[in-house]
Amino acid sequence: MKVLVPVKRVVDYNVKIRVDSQSQSIDLTNIKMSMNPFDEIAVEEAIRLKESGQVEEIIALSIGPSQCQETIRNALAMGMDRGIHIETEHSPEPLIVAKLINEIVKKEEADIVILGKQAIDDDCSQTGQMLSALMKCSLATFASNITFDDDRVIVTREIDGGLQTIKLQKPTVITTDLRLNEPRYASLPNIMKAKKKIIDKYLPDDLNIDMTPKLDVIKIEEPPKRQGGGKVETIIELVEKLKNEAGVI
Ligand code: AMP
């Protein structure tokens with residue numbers, strides 16, 4: 001069984017985002033970039049499935065500029081077998097990403113695709129869902145546990161107010177939630193080994209995918225600055241303020 005894990009290169013979650021002067025994008029100058037945290041969880045899960053002998057090969061795939069190779073190398077250092085890089089100028093919108101992943105799924109005959117539930121830069125949470133539609137296959141979003149039962153995949157999903165367990169036919173698409181696992185750190189020997197692992201490279205033209213976007217970003221803006229708070233001496237003063245200044249009661 002083969003598992004494909006798409007990993008996105010995003011602005012590190014510790015970085016304070018700056019909007020660029022034309023308000024069209026995020027300013028990426030000298031900014032630390034990392035693997036999307038939900039994709040690290042997906043990589044960890046694929047490695048655990050391989051270590052438990054349930055999966056034969058695990059492949060990391062990233063779509064974007066040449067620096068995405070660093071993200072793939074990180075996944076290889078964690079324990080993925082090999083990488084695939086589809087080189088594009090920027091990371092495309094979710095529908096195009098889903099179409100590109102779908103082509104790789106066909107080429108590699110992958111049985112399971114494990115994605116992050118969302119990328120922390122665009123917060124779209126769309127790619128996994130679109131991919132399963134393109135693959136015409138089953139889908140389990142927000143997974144907090146993955147096991148196998150004969151030929152089926154059993155996934156526990158985090159839903160409002162509880163957990164739902166479902167049985168899926170392969171091929172299948174799974175998206176990871178936070179509680180699925182805790183990703184490992186890459187050890188130094190594994191970082192060295194990862195340098196020798198293979199990364200195959202494609203261009204969108206090799207896969208015959210039209211890269212014309214269907215979304216236009218009109219504007220990106222920072223959230224309004226928070227107003228400073230104030231202290232009140234009595235409950236009566238608080239109620240006054242809620243009535244007259246905040247207008248909430
Ligand atoms: P999104 O739908 O943009 O929130 O992304 C959901 C998931 O799709 C991510 O966690 C990744 O697993 C995958 N993904 C999105 N964009 C890319 C990309 N450029 N390269 C690889 N995987 C991606």
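Whatever order the structure lists them in is the order used to number ligands and atoms, beginning at 1. Keep in mind it's a predicted model, so treat the numbers as computed, not measured.
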Give the residue and atom name of whichever protein heavy atom lies nearest to [atom], and the separation in Å to one decimal.
atom: atom 22 (N) of ligand 1; result: Pro6 CB, 3.4 Å
atom: atom 16 (N) of ligand 1; result: Lys8 CD, 3.3 Å
atom: atom 8 (O) of ligand 1; result: Thr127 CB, 3.3 Å

Before signing off on this row, confirm whether [X] and ligand 1 have an N or O atom pair separated by under 3.5 Å.
X: Asp39; value: yes
X: Leu115; value: no
X: Gly116; value: yes
X: Ala119; value: yes

Can you list the ligand 1 atoms lying under 4.0 Å from a non-hydrogen atom of [X]?
X: Ser125; value: 1 (P), 2 (O), 4 (O)
X: Ser91; value: 18 (C), 19 (N)
X: Cys124; value: 1 (P), 2 (O), 3 (O), 4 (O)
X: Asp122; value: 1 (P), 3 (O), 4 (O)

Testing the basics here: between [X] and [Y], what is the closest heavy-atom pair and its distance to 0.1 Å?
X: Leu115; Y: Val173; value: CD1-CG1, 3.5 Å
X: Gly83; Y: Leu76; value: N-CD2, 3.8 Å
X: Lys8; Y: Ala119; value: CD-CB, 3.7 Å
X: Val113; Y: Pro6; value: CG1-CD, 3.7 Å
X: Leu95; Y: Lys214; value: CD2-CD, 4.4 Å

Given that the side chain starts at C-beta and the backbone is N, CA, C, O, which of these parts of [X] lies under 4.0 Å from ligand 1, counting heavy atoms, or is it both or neither?
X: Asn36; value: side chain
X: Ile63; value: both
X: Val7; value: backbone

Under a 3.5 Å distance rule, please check whether Asp150 uses its side chain to pair with a backbone N or O of Arg152 as donor and acceptor.
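Checked: no pair found.
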
With the threshold set at under 4.0 angstrom, would you say Leu61 reaches ligand 1 through any of its heavy atoms?
yes

In a check of side chain to side chain donor-acceptor pair (under 3.5 Å) between Glu45 and each of Asn181, Thr176, Asn145, which one passes?
Asn181

For the residue pair Arg157 / Thr165, report whether a side-chain donor-acceptor contact shorter than 3.5 Å exists.
no

Indicate whether any N or O donor in one side chain lies under 3.5 Å from an N or O acceptor in the other, for Gln118 and Asp123.
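Yes.
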
One pair to check against salt bridge (Lys or Arg N to Asp or Glu O under 4.0 Å): Lys107 and Glu103. What are the steps and the verdict?
CA-CA 6 Å; Lys107 268 188 191 299; Glu103 291 309 310; over 6 Å; no

